[in-house]
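Counting starts at 1 for both ligands and their atoms, following the listed order.
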Amino acid sequence: MQRITVLGATGSIGVSTLDVIARHPQRYAVYALSAHSRVEELAAQCVQFRPARAVVGTAAAADQLAALLRAAGVNTDVAWGEQALCSIASAAEVDSVMAAIVGAAGLAPTLAAARAGKKILLANKEALVMSGQLFMDAVHESGAVLLPIDSEHNAIFQSMPQFGGKVPAVRDSAAGVAKILLTASGGPFLTRDVATLDAVTPDQACKHPNWSMGRKISVDSATMMNKGLEVIEAHWLFGAPADQIEVVIHPQSVIHSMVSYVDGSVLAQLGNPDMRTPIAHALAYPERIASGVAQLDLTQVATLQFQRPDFERFPCLALAFEALRAGGTAPALLNAANEVAVQAFLDLKIGFRQIDRVIRHVVDTLPHGAAHSIDAVIAQDAAARVAAETFIAGLAK
Ligand code: NDP
Ligand code: MG
């Protein structure tokens, strides 16, 4: 029996994770669940999965959850705040942690799971983007197992060689990897006239052609910052230099990514676009379990297309490559500025094409240095947020 904490249980990934877990009650038990403000959804999950512990964002939310659980006769211990999140991610009773909080808020608990040597199912790419080296160091020091949930990285993981049960680094010549081919759907605005992009609404930006996801990552997919963050994520997960990561637009989202080898072979992982596949893969790894996802019917898909990304249409992708090459705290600045800009766009404070301007301003004006400690990363994250807010306040929409 694997005991699991699901951080971000009420989100898109959290709900899909619980869907897979519910299909295998003999294999998985839920130890703890977390949400931020969707208390009623979390209460319903507690009624169904009976976790020992649940964590929310504020004292008021905790009171509300405790009252709902009392009324339902559920005996789950309720707490709130970052320390409580770190505690459910690192408790001795936990085997695996699904890290599915969105944004920088996931950093502390995901890092706590890494330091405690847990099996980490990583969806929260922002945590790795912010603190890549420190995070990977924590994983190696504690012996934690890090399995990628992001569909592309899960596909790469499945397409990489394994030496003695371990995936070698891309930069290790014995791996024989020429390039990682990171596929991207191109999002909802792949073919839309660029001149009209300033007028798009949050609902249009969140209407992804293939995937159903939370609003922040949906906007990131529309700007292709999501792919930019994934390039940085791939760099850390697979020890891949920027020059060995290539983004390929593949609008059907059937090939979830590929690994191109020096002998000319290309290995890929395919499937219907449903996050329950990578979630089930990581939960059961190295075994396989049913996920509820329909088998892929290639005759139904019929056509697979590929093209190069247009960096002028998607300036956020170029910004992410620049931040990766700059190194140090540059990716943390990029990530924080992006989070603030995306929220401002969702709140109708800025237009879609101003998202990249905010990020460009922050990464160009703030000094970035070495990411030698988590405190340094968090300080840079905070400074970037202030700079982004100030710039947004000065922008006439
Ligand atoms: P959602 O917005 O759907 O869910 C986010 C979850 O995090 C919710 O449970 C939310 O709680 C919680 N949360 C939000 N803010 C905070 C905070 N400040 N502190 C603690 N918890 C918080 O996001 P997704 O599920 O789409 O994405 C989660 C992560 O997975 C992201 O990092 C994303 O990039 C990554 N990912 C997602 C994919 C997808 O298909 N959705 C694919 C690949 C990666 P509440 O509900 O109460 O607000
Ligand atoms: Mg992805």
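Taking the Mg ion (ligand 2) as reference, Glu230 places its N/O/S atom OE2 nearest. Closest N/O/S atom of Glu152 to the Mg ion (ligand 2): OE1. Asp150 has its closest N, O or S atom to the Mg ion (ligand 2) at the position named OD1.
Heavy-atom proximity to Ala9, at under 4.0 Å, picks out these atoms of ligand 1: 9 (O). Near Ala105, the atoms of ligand 1 lying under 4.0 angstrom from a non-hydrogen atom of the residue are 17 (C), 18 (N), 19 (N). Below 4.0 Å from some heavy atom of Glu126 lie the following atoms of ligand 1, by number and element: 31 (C), 32 (O), 34 (O). Residue contact check: Lys125 has heavy atoms under 4.0 Å from atoms 32 (O), 34 (O), 44 (C) of ligand 1. Of all the atoms in ligand 1, the ones that sit under 4.0 Å from a non-hydrogen atom of Gly8 are 6 (C), 7 (O), 9 (O). Those atoms of ligand 1 with a heavy atom of Met213 less than 4.0 angstrom away are 39 (C), 40 (O), 41 (N).
When only non-hydrogen protein atoms are considered, atom 28 (C) of ligand 1 lies nearest to Ala100 O, 3.4 Å. Atom 5 (C) of ligand 1 has Val102 CG1, 3.7 Å as its closest protein atom, hydrogens excluded (heavy atom only). Here the heavy atom of the protein found nearest to atom 9 (O) of ligand 1 is Thr10 OG1, 2.8 Å. Regarding atom 3 (O) of ligand 1, its nearest protein heavy-atom neighbour is Ser12 N, 2.9 Å. Atom 29 (C) of ligand 1 has as its closest protein heavy atom Ile101 O, 3.8 Å. Ranking the protein heavy atoms by distance from atom 26 (O) of ligand 1 puts Gly214 N, 2.9 Å first.
Checked by distance only, ligand 1 and Asp150 stay at 3.5 Å or farther apart across all their nitrogen or oxygen atoms. By the 3.5 Å distance cut-off applied to N or O atoms, Arg215 is not counted among the residues near ligand 1. Among the atoms of Ser151, none of the N or O lies under 3.5 angstrom from an N or O of ligand 1. For a threshold of 3.5 Å applied to N or O pairs, the pair formed by His36 and ligand 1 contains at least one separation below that value. Ligand 1 has no N or O atom lying under 3.5 Å from any N or O atom of Gly14, backbone or side chain. In terms of N/O distances under 3.5 Å, ligand 1 is not approached by Asn226. Considering backbone and side-chain atoms together, Gly11 places an N or O closer than 3.5 Å to an N or O of ligand 1. For a threshold of 3.5 Å applied to N or O pairs, the pair formed by Met275 and ligand 1 contains no separation below that value.
With a 4.0 Å cut-off on non-hydrogen atoms, Ile217 touches ligand 1 through its side chain and not its backbone. Both the backbone and the side chain of Ala123 come within 4.0 Å of ligand 1, counting heavy atoms alone.
In this structure, Asn75 places its CG atom where only 12 or fewer heavy-atom neighbours from other residues, nucleotides or ligands lie under 6.0 Å away.
There is no side-chain donor-acceptor pair under 3.5 Å between His153 and Glu230. Defined by atom type and a distance below 3.5 Å, a donor-acceptor pair is missing between the side-chain atoms of Asp375 and Ser373. Remark: the Thr201 side chain and the Asp203 side chain contain no N/O donor-acceptor pair separated by less than 3.5 Å. Donor-acceptor pairing under 3.5 Å is lacking for the side chains of Asp381 and Asn335. Between the side chains of Ser185 and His208, a donor-acceptor pair is found at a separation under 3.5 Å.
Side-chain atoms of Arg313 come within 3.5 Å of backbone N or O of Phe189 as a donor-acceptor pair. Using modelled atom types, no side-chain atom of Arg115 and backbone atom of Ala138 make a donor-acceptor pair closer than 3.5 Å. Side-chain atoms of His361 never come within 3.5 Å of backbone atoms of Thr365 as a donor-acceptor pair (strictly under, hydrogens ignored). Using a distance-only test at 3.5 Å, with no hydrogens or angles considered, a donor-acceptor pair links the side chain of Arg50 to the main chain of Val47.
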Exercise. Yes or no on ring pair (Phe, Tyr, Trp, His ring centres under 6.0 Å) for Phe157 and Phe238, after CA distance, side-chain angles and deciding distance?
Worked result: CA-CA 8 Å; Phe157 183 86; Phe238 302 110; 7.0 Å; no
Exercise. Can Gln269 and Ser159 be said to form a side-chain hydrogen bond (donor to acceptor under 3.5 Å, both in side chains), step by step?
Worked result: CA-CA 7 Å; Gln269 185 261 358; Ser159 306; over 6 Å; no
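Using a 4.5 Å cut-off on side-chain heavy atoms (C-beta onward), Val358 and Asn338 make no contact.
In this structure, the separation between SG on Cys206 and CD1 on Ile217 is 11.0 Å, given to the nearest 0.5 Å. Rounding to the nearest 0.5 angstrom, the gap separating the NZ atom in Lys216 from the CD atom in Gln343 is 10.5 Å.
Closest to atom 37 (C) of ligand 1 by heavy atom, among Leu42, Val55, Ile13, Val6, is Ile13.
Under a 4.0 angstrom heavy-atom cut-off, Gly57 registers as lying outside contact with ligand 1.
A distance of 6.0 Å or more separates the ring centres of Trp236 and His140.
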